[in-house]
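Some notes on the structure that comes next.
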Amino acid sequence: MKIFVTGGTGYIGSHTVVELQREGFEVVIADNLCNSRAEALEGIRQITGVMPGFERLDLTDAGATRDFFARHGEVDAVIHFAALKAVGESVHKPLEYYSNNLNSLMNVLASMREFGVRHLVFSSSCTVYGQAERLPVTESTPRREAESPYGNTKMMSEDILRDFARVEGEMNVIALRYFNPIGAHPSSLIGELPTGVPNNLIPYLTQTAAGIRPELSVFGDDYDTPDGSAVRDYIDVVDLAKAHVVAIRRLLEGRNRQNFEFFNIGTGRGLSVLEIIRAFERATGVKVNFRVTPRRAGDIEKVWADTTLANHELGWKAVVPIEETLLNAWNWQKHLMQ
């Protein structure tokens with residue numbers, strides 16, 4: 001079976017391609033490489049023994065997106081990762097985020113409709129919950145006004161998908177609302193590789209530990225959390241990738257209960273930024289130079305998942321311990337420096 005993976009050379013996309021190919025799926029990637037590198041393809045090949053199909057493509061170009069679908073013939077499903085994703089950057093560049101993230105999704109959906117592709121797994125986010133009043137968040141937790149344009153694009157994308165699936169009777173969508181993906185493949189052949197200065201915690205942490213950055217900024221120590229730093233549900237990227245494969249199989253086998261479904265994908269455990277730093281130091285034996293700085297615009301205080309629905313309905317569960325995840329991230333950083 002053939003799967004299109006948009007944004008498939010990116011962090012989560014590349015790990016998902018690995019898991020798809022290990023399960024015997026044929027994968028074709030569309031990515032504009034704005035925040036990833038084509039070298040990820042070689043890493044995927046070395047891990048799986050299979051080089052995925054790849055085209056450099058800007059999905060905000062409707063004509064180019066249509067041509068991509070037309071060239072590749074029959075396709076069984078799409079996994080849509082392609083999006084700008086930095087919370088802080090989105091606060092300063094809202095128009096770019098709305099334009100990129102929404103137009104790319106709508107172009108993909110229009111091409112799916114034209115070419116009869118009926119199954120989509122969407123890369124959503126826990127940001128749709130905003131700062132929830134009660135924790136952990138379940139799938140019945142009300143969505144709240146987004147704290148950032150990035151979060152708002154995920155909420156709006158879910159609305160587009162729900163409306164589209166409602167009127168396109170044969171269209172089936174699963175949105176995976178994942179929490180904070182971290183780590184790298186145990187092989188150290190693929191991992192998180194942001195261009196420029198990292199916006200996410202772990203690559204900045206590993207670059208600081210490696211001496212590439214002088215210090216790690218901890219954005220705020222005055223939150224209403226046990227140690228004052230923000231709390232997140234950090235999930236290993238390989239665990240997360242496997243959730244996409246399970247979701248694809250659910251759609252292809254017709255086991256979805258409705259045209260639009262959504263699931264929380266996390267560990268069910270909240271860890272603070274300072275706890276992550278200490279866990280990294282335990283796992284690697286490397287000290288991290290950090291400094292507390294003011295809160296960052298768009299960040300929420302604390303969030304973690306109730307994953308009961310995903311555990312029962314998808315038959316999926318996060319299993320990688322946090323220390324192993326952080327050690328994999330460190331090994332990936334060392335691999336980059338070789």
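Numbers here simply count residues along the sequence, with the first being 1. This structure is a prediction, so every number in the text was calculated from the model and none was measured. Side-chain atoms are counted along with the backbone in the values below, which use heavy atoms only and exclude waters and symmetry mates.
Distance check: Asn331 CG to Leu189 CG gives 11.5 Å after rounding to the nearest 0.5 Å. A distance of 9.5 Å separates OG1 in Thr9 from CD in Glu39, rounded to the nearest 0.5 Å. Atom CD of Glu55 is separated from atom CG of Asn32 by 13.0 Å, given to the nearest 0.5 angstrom. Summarising the geometry, atom CD belonging to Glu301 is positioned 6.5 Å from atom OG1 belonging to Thr225; distances are rounded to the nearest 0.5 Å. Rounding to the nearest 0.5 Å gives a distance of 11.0 Å between CD1 of Ile44 and CD of Glu19. Taking OG1 of Thr308 as the reference point, atom CZ of Phe263 lies at 12.5 Å (rounded to 0.5 Å).
A donor-acceptor pair under 3.5 Å is absent between the side-chain atoms of Glu145 and the main chain of Gly130, judged by distance alone. A distance-only check finds no donor-acceptor pair linking the side chain of Arg56 to the backbone of Ala38 [under 3.5 Å]. Between the side chain of Lys154 and the main chain of Ser123, a donor-acceptor pair closer than 3.5 Å is present. The backbone N or O of Ala310 sits nowhere less than 3.5 Å from a side-chain atom of Thr307 that would complete a donor-acceptor pair. Glu139 contributes a side-chain N or O that, together with a main-chain N or O of Asn264, makes up a donor-acceptor pair within less than 3.5 Å. With hydrogens and angles ignored, the 3.5 Å screen pairs a side-chain donor or acceptor of Lys2 with a backbone N or O of His72.
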Subject >> Stepwise side-chain hydrogen bond (donor to acceptor under 3.5 Å, both in side chains) test for Glu89 and Asn199 >> reply: CA-CA 8 Å; Glu89 181 184 61; Asn199 285 295; 5.2 Å; no
Subject >> Asp306 and Thr138: CA distance, side-chain angles, deciding distance, side-chain hydrogen bond (donor to acceptor under 3.5 Å, both in side chains) verdict >> reply: CA-CA 5 Å; Asp306 182 325; Thr138 71; over 6 Å; no
**OP:** Given salt bridge (charged side-chain N to carboxylate O under 4.0 Å, His left out), test Glu42 with Arg45 step by step and report yes or no.
**Re:** CA-CA 5 Å; Glu42 176 58 20; Arg45 187 199 65 77; 2.5 Å; yes
Original post:
side-chain hydrogen bond (donor to acceptor under 3.5 Å, both in side chains) between Thr267 and Asp233: does it pass, once the steps are laid out?
Top reply: CA-CA 6 Å; Thr267 67; Asp233 187 335; 2.6 Å; yes
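Within 6.0 Å of the NZ atom in Lys93, the count of heavy atoms belonging to other residues, nucleotides or ligands does not exceed 12.
The side-chain hydrogen bond (donor to acceptor under 3.5 Å, both in side chains) test applied to Arg177 returns Tyr129, Glu158, not counting sequence neighbours. Under the side-chain hydrogen bond (donor to acceptor under 3.5 Å, both in side chains) criterion, Arg269 pairs with no residue at all, not counting sequence neighbours.
Among the candidates Arg255, Arg162, Arg250, the single residue satisfying the salt bridge (Lys or Arg N to Asp or Glu O under 4.0 Å) test with Glu261 is Arg250. With respect to Tyr98, the side chain to side chain donor-acceptor pair (under 3.5 Å) criterion is satisfied by exactly one of Asn152, Asn103, Thr153: Asn152. Evaluated for a ring pair (Phe, Tyr, Trp, His ring centres under 6.0 Å) with Phe4, the options Phe69, Phe54, Phe25 yield exactly one hit, Phe69.
Residue Val87 is found in a hydrophobic cluster whose other members, listed by chain and number, are Leu84, Tyr97, Tyr150; membership requires side-chain heavy atoms under 4.5 Å apart, directly or through intermediates.
What you find for Ile29 and Pro52 is that their closest heavy atoms are CD1-CG, 3.9 Å.
Ring pair Phe260/Phe262 is tilted by interplanar angle, where 30° to 60° counts as tilted.
Note: Tyr178 and His244 meet the aromatic proximity criterion, with ring centroids under 6.0 Å apart.
Lys242 and Asp239 are not joined by a salt bridge, as no carboxylate oxygen comes within less than 4.0 angstrom of a charged side-chain nitrogen.
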